[in-house]
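A short write-up of the structure that comes next.
Throughout, protein chains are lettered first and strands after them, A, B, ... in sequence-line order, and every chain is numbered starting at 1. Note: hydrogens, waters and symmetry copies are ignored here, and every other heavy atom, side chains too, is used.
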Number of protein chains: 2
Amino acid sequence: MSVPKTTPYNCLEIEAWSPVLRDAAKEVFSMMAGMELAATEESVLVQTPEITAIVGLAGSLCGLLSVRCSNTVANKIASQMLGLGSEDAAQHRGDAIGEICNMVAGHFKAKIVGLDDKCLLSVPSVISGENYTFHSLSAGRRIEVFLQASEGPIWVALETRN
Amino acid sequence: MSVPKTTPYNCLEIEAWSPVLRDAAKEVFSMMAGMELAATEESVLVQTPEITAIVGLAGSLCGLLSVRCSNTVANKIASQMLGLGSEDAAQHRGDAIGEICNMVAGHFKAKIVGLDDKCLLSVPSVISGENYTFHSLSAGRRIEVFLQASEGPIWVALETRN
């Protein structure tokens, strides 16, 4: 996909990347899963995420990008991305949200001038369960965007190491 | 720490890295936490891991390194690394196992000729809970070593993307 680069890379200005992350996520969901997401406020999101996809970033930007949602939303992503019925979609929701997470990270870093070729992605991973906590040891900065699909909310976060 | 490089980097020979990963893990646990671990066989390990630390690798080797153990073992790691009593150790076990994971990954890649400066680490992250599953989308190769502390088993795994 063609990616206009409009935002210069500056580690001190990660907070300014929030709209870039939001746009990257919205564009990937639209292109890959045909899902048009609305940006929303955190307070609207009362559901607890059941599934978390993560991908590491290493290089001049070192951190972690995560995408979290309910199983219902993940089923929808799998169904839309892979053209599957509901039963098959549930089986493939982990892979689907993992690939979406990977693509959001790739699309996000492609939007930042001077970052794309200096920041590499590790492989995506997926955590799911009824009772788990997840946190990164980034001890740095964090931006998070809140998106709304018709099936429920989607959280996209970037945590960076200073 | 001084790291003798004895193993050449060759993506096709990841299985040959198993002893390198085992040694890297044993050395880091010994040096950082004063824990002398014994290598063991998978079948000995009947406990379920309660806490998982992961760190992404990106570059010429793209993958994920994970360290898993029980909360009891993680408490011991925190207590030994940070010199804490049992209550404080429980509070810091996530950070402790995350840092151990990061150091095992760094020490491992430093042991492979031609890999160290071409493989970067993302930030470590920690998953904990009573009921969760974790898997990477590496779709590549996986090596795992099984270590035994006096408090219980420790799993160290490397998954790579082909």
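Looking only at distances, no side-chain donor or acceptor of A:K118 sits under 3.5 Å from a matching main-chain atom of A:S60. Side-chain N or O atoms of B:Q80 include one that pairs as donor or acceptor with a backbone N or O of B:A33 at under 3.5 Å. Remark: side-chain polar atoms of A:S79 are paired, donor with acceptor, to backbone N or O of A:L84 under 3.5 angstrom. In this structure a side-chain-to-backbone donor-acceptor pair under 3.5 Å is missing from A:Q148 to A:A38. A donor-acceptor pair under 3.5 Å links the side-chain atoms of B:K109 to the main chain of B:C119, judged by distance alone.
Only the backbone of A:L57 comes within less than 4.5 Å of a heavy atom in chain B; its side chain stays farther off.
Interface residues of residues 86-101 of chain A toward chain B, defined by a heavy-atom distance below 4.5 Å and sorted by number: A:G94, A:D95, A:G98, A:E99. Residue-level contacts of residues 120-132 of chain A with chain B, in order of numbering, are A:L120, A:L121, A:S122, A:V123, A:P124, A:S125, A:V126, A:I127, A:S128, A:G129, A:E130, A:N131, A:Y132; threshold 4.5 Å between heavy atoms.
With respect to B:V55, the side-chain contact (heavy atoms from CB on, under 4.5 Å) criterion is satisfied by exactly one of B:L65, B:V104, B:L64: B:L65.
One distance of note links CD1 of B:I143 with CD of B:E159; it measures 10.5 Å at 0.5 Å rounding. The CZ atom of B:R22 sits 10.0 Å away from the CD atom of B:E27 when rounded to the nearest 0.5 Å. The distance from atom CG of A:N71 to atom CD of A:E50, rounded to the nearest 0.5 Å, is 4.0 Å.
Contact of the B:W155 side chain with the B:L147 side chain is not registered, since no non-hydrogen atoms from C-beta on lie closer than 4.5 Å.
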